[in-house]
**Q** 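Here it is, the structure in full.
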Number of protein chains: 2
Amino acid sequence: MSQPATQEPPAPRAEFAVSVDLTAVVVAVTDDQPRVLIVRPAEASTGGLDALPSGPLELGHRTLESGLRAWVEAQARAKLGYIEQLYTFGDRDRTALKVPTGRILSIGYLALARETGAAAANTSWQDWYRYFPWEDWRRGRPPILDRLEPRLRGWVAAGPSRGEQTTRKTRISVAFGLDGARWSEERVLERYELLYEIGLAAEAHRDGSPTGDPESDVPTEAQPMTADHRRILATGIARLRGKIKYRPVVFELMPPAFTLLQLQRTVEALAGLRLHKQNFRRLVAQQGLVEETGGMVTGTGGRPAREVRFRQEVLIERPAPGLRLPIAR
Amino acid sequence: MSQPATQEPPAPRAEFAVSVDLTAVVVAVTDDQPRVLIVRPAEASTGGLDALPSGPLELGHRTLESGLRAWVEAQARAKLGYIEQLYTFGDRDRTALKVPTGRILSIGYLALARETGAAAANTSWQDWYRYFPWEDWRRGRPPILDRLEPRLRGWVAAGPSRGEQTTRKTRISVAFGLDGARWSEERVLERYELLYEIGLAAEAHRDGSPTGDPESDVPTEAQPMTADHRRILATGIARLRGKIKYRPVVFELMPPAFTLLQLQRTVEALAGLRLHKQNFRRLVAQQGLVEETGGMVTGTGGRPAREVRFRQEVLIERPAPGLRLPIAR
DNA sequence: CTTTCTTATGCTCAAGATTAGCATAATCAC
DNA sequence: GTGATTATGCTAATCTTGAGCATAAGAAAG
């Protein structure tokens with residue numbers, strides 16, 4: 001196993017520089033579009049690439065979460081609601097910035113917010129499908145997949161052995177819903193990691209990936225991000241898509257009162273799928289997730305809708321109150 | 001974004017020592033008992049308390065996971081199978097070891113293994129319910145809950161305001177399945193955190209918790225652990241209990257061939273619940289999780305059982321192959 | 001070798017939850 | 001008003017689940 005040359009176990013540890021970045025995927029849904037808070041400094045530090053709000057962990061931060069909150073609220077001038085830790089990334093070679101004598105860890109967080117009018121200077125809200133265009137199936141199978149699929153198949157065929165080819169085939173089928181497998185909206189990270197591995201994510205070339213062909217990228221279609229931020233974003237989307245099914249987190253993204261269609265559109269925006277309207281409503285109703293405010297909302301382009309609000313009591317009543325996805329096929 | 005120490009702003013960060021510990025919850029199930037790999041050095045470093053295997057992140061570790069693997073395999077002389085990251089803990093005040101000029105992060109991992117005959121010196125496998133006796137409902141409601149419940153109620157009553165009392169009451173009901181709420185086997189961490197907060201976990205006093213009464217602990221019944229290890233273990237148990245429902249991870253804990261009852265007992269050990277036998281078998285069968293090896297196992301104390309093995313193909317066929325828990329009531 | 005215990009398996013019934021639609025009610029844009 | 005659009009109510013057919021009954025096949029005790 002690896003030991004620093006100087007060490008005698010179990011004792012004095014070899015110190016080297018570790019810096020810890022707290023990085024946030026801040027999500028809001030506006031106009032039926034899922035959006036992430038993006039910091040785009042013109043600085044060289046990100047190579048002009050889009051970045052997630054982040055900042056170093058400091059001594060003054062009592063908890064990791066409070067540190068994150070401080071950074072994001074300073075950068076975005078927005079108050080965060082729900083926050084959860086996603087994952088800690090620390091691969092030595094997965095960022096352009098190689099530090100031979102130290103190490104960078106990024107602790108990723110997911111935060112849910114409601115988009116307020118004015119984002120702070122040099123921050124903006126961006127549609128998250130800008131970074132993952134293959135993830136939006138709301139208007140059917142995304143066309144970009146037609147361009148990706150042959151590349152994936154090429155990678156399968158390029159496998160060094162029969163066995164490896166089979167493994168690769170299974171991987172792309174499961175991840176991208178090919179060869180009869182069903183598209184699974186939660187496999188966001190798996191898909192991104194696969195594209196990175198194959199060399200179809202711009203970041204892989206920047207990091208000096210051995211595989212893939214730099215020119216044959218899909219950069220103009222899918223926006224890359226700085227450092228490992230796109231990976232963190234993928235993790236956040238995946239987590240959120242999973243979580244809405246068994247925790248009432250969507251309501252953190254809704255205004256205090258809303259209609260069932262608005263709720264459905266928000267869920268659809270997050271999941272990247274169309275849902276069956278009547279079944280969605282029945283689900284919401286029978287789970288007791290909402291209660292009527294008594295108001296009606298007109299101007300929806302049709303019959304006026306009942307206005308509802310989140311019903312706090314479900315939290316006590318149900319072990320896993322969430323929105324199963326009655327997918328419209 | 002992260003910057004190496006030598007680089008100039010945009011934000012010259014206050015440098016301070018961060019050391020990163022990789023800590024593993026290594027789980028095996030033997031004799032229908034869920035067990036964790038424990039390191040118990042007689043050293044002062046842990047105050048003689050039980051500890052999870054862990055070690056500092058080092059420069060030589062290419063990825064966090066490979067670093068963890070190296071440490072655990074060195075300490076336990078055991079090969080790890082499945083590994084997943086759990087959570088990164090970094091609260092400044094949640095450990096006895098206060099470092100005024102620095103900070104300790106623990107990155108917790110869950111690993112699944114099969115217990116091999118000989119554990120390495122000063123490591124051992126311990127029943128995880130030793131640390132969480134209230135989590136084992138296989139023989140009915142654990143008696144320790146009768147002693148805990150009045151303490152929980154006392155904490156509710158001690159709330160400073162009506163509102164706070166209501167909040168507290170909801171919290172204990174949901175977490176511990178009181179007042180009509182159902183016991184949820186996944187809320188392991190929530191329960192531990194609550195006990196810590198109330199001052200019913202020995203670690204809270206060690207860390208200098210403001211609440212609670214040191215003598216009135218339950219230390220002889222529930223074993224504490226060093227640093228934040230019990231918190232990490234709780235996180236691991238919770239994650240595993242959730243994961244078996246939608247990923248075929250239990251099979252990592254089973255021998256290559258086994259009977260359905262063995263499988264059921266393993267799941268029960270993990271979940272801390274008794275399951276309905278016939279329904280459990282129907283579930284396993286209809287999901288296509290196992291296939292017959294052709295062999296029969298006699299000597300089970302009854303009719304011989306068919307021997308089965310895990311069926312790899314489910315991974316491709318089903319989006320979420322796992323063992324829903326048909327609880328026996 | 002018979003009885004009794006224990007585990008393995010097959011099956012069934014009823015209650016609930018889901019899938020996929022049909023049909024009708026209100027507004028909105030012209 | 002007409003047609004388009006959205007809101008809601010309802011239903012039939014399937015599936016899934018929770019709870020058990022009943023039978024089969026070894027093991028242990030006598």
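Letters go in sequence order (proteins before strands), and every chain restarts at 1.
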**Q** With heavy atoms under 4.0 Å as the rule, sort A/Gln278 into base, sugar-phosphate or nothing.
**A**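 Since a base atom lies under 4.0 Å of A/Gln278, the category is base.
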**Q** If you look at every heavy atom in B/Arg309 and B/Glu292, which pair is closest and at what distance?
**A**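 Looking at all heavy atoms of both residues, the closest pair is NH1-O, 4.0 Å.
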**Q** For B/Gly108 and B/Ile232, which heavy atoms make the closest approach, and how far apart are they?
**A**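 What the structure gives for the nearest pair is CA-CG2, 4.1 Å.
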**Q** Report the distance from atom CE of B/Met296 to atom P of D/dA24, rounded to the nearest whole Å.
**A**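 Rounding to the nearest Å, CE of B/Met296 and P of D/dA24 are 15 Å apart.
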**Q** Of the nucleotides C/dG21, D/dA19, D/dT17, which has the atom closest to the A/His276 side chain?
**A**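 Closest nucleotide among those given: C/dG21.
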**Q** Rounded to the nearest 0.5 Å, what separation is found between the CG atom of A/Leu275 and the CD atom of A/Gln264?
**A**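 CD of A/Gln264 is found 5.5 Å from CG of A/Leu275.
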**Q** Indicate, with a heavy-atom threshold strictly under 4.0 Å, whether B/Leu261 touches base, sugar-phosphate, or nothing.
**A**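 Contact class for B/Leu261: sugar-phosphate only.
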**Q** Please report, rounded to the nearest Å, how far the C1' atom of D/dT16 is from the CD atom of B/Gln287.
**A**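 Atom-to-atom, B/Gln287 to D/dT16, this comes out as 11 Å.
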**Q** In this structure, how many angstroms lie between the C1' atom of C/dT9 and the CD atom of B/Gln264, rounded?
**A**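 For the pair B/Gln264 CD and C/dT9 C1', the rounded distance is 13 Å.
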**Q** Want to settle it: does A/Lys277 or B/Arg282 sit nearer the 5' end of DNA chain D, counting the closest nucleotide to each?
**A**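 With A/Lys277 and B/Arg282 compared, the 5'-side residue is A/Lys277.
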**Q** Rounding to a whole Å, what distance do you find between B/Asp32:CG and C/dT7:P?
**A**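 Distance, rounded to whole Å: 11 Å.
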**Q** What is the distance, rounded to the nearest whole Å, between atom CD of B/Gln286 and atom P of C/dC11?
**A**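 Rounded to whole Å, this separation is 15 Å.
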**Q** By nearest atom, which of the nucleotides C/dA25, D/dG18, C/dA8 is closest to the A/Arg303 side chain?
**A**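 Of the options given, the side chain of A/Arg303 lies nearest C/dA25.
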**Q** Whole angstroms only, please: what is the CZ-P distance between B/Arg281 and D/dG18?
**A**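 Roughly 17 Å, once rounded to whole Å.
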**Q** Can a side chain N or O of B/Arg306 be found less than 4.0 Å away from OP1 or OP2 on C/dG10?
**A**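 Result: yes.
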**Q** Nearest-Å distance, CG (A/Leu275) to P (C/dG21)?
**A**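 The answer, rounded to whole Å, is 16 Å.
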**Q** Expressed as a whole number of angstroms, how long is the span from A/Arg274:CZ to C/dA20:P?
**A**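 Between P of C/dA20 and CZ of A/Arg274: 16 Å.
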**Q** For B/Trp183, is the NZ or CZ atom of B/Arg191 found under 6.0 angstrom from the centre of its six-membered ring and inside 45 degrees of the ring axis?
**A**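 Judged by the rule (NZ or CZ under 6.0 Å from the ring centre, within 45° of its axis), B/Arg191 counts as positioned above B/Trp183.
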**Q** Could you pick out which residue, B/Ala305 or B/Gly302, lies toward the 5' side of DNA chain C when each is mapped onto its nearest nucleotide?
**A**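 The residue mapped nearer the 5' terminus is B/Gly302.
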**Q** Give, for atom CZ of B/Arg239 and atom CD of B/Glu84, the distance between the pair rounded to the nearest 0.5 Å.
**A**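 Interatomic distance, B/Arg239 CZ to B/Glu84 CD, rounded to 0.5 Å: 4.5 Å.
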**Q** Is B/Arg324 touching bases, backbone alone, or none of the nucleic acid, heavy atoms closer than 4.0 Å?
**A**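 The residue B/Arg324 makes sugar-phosphate contact but no base contact.
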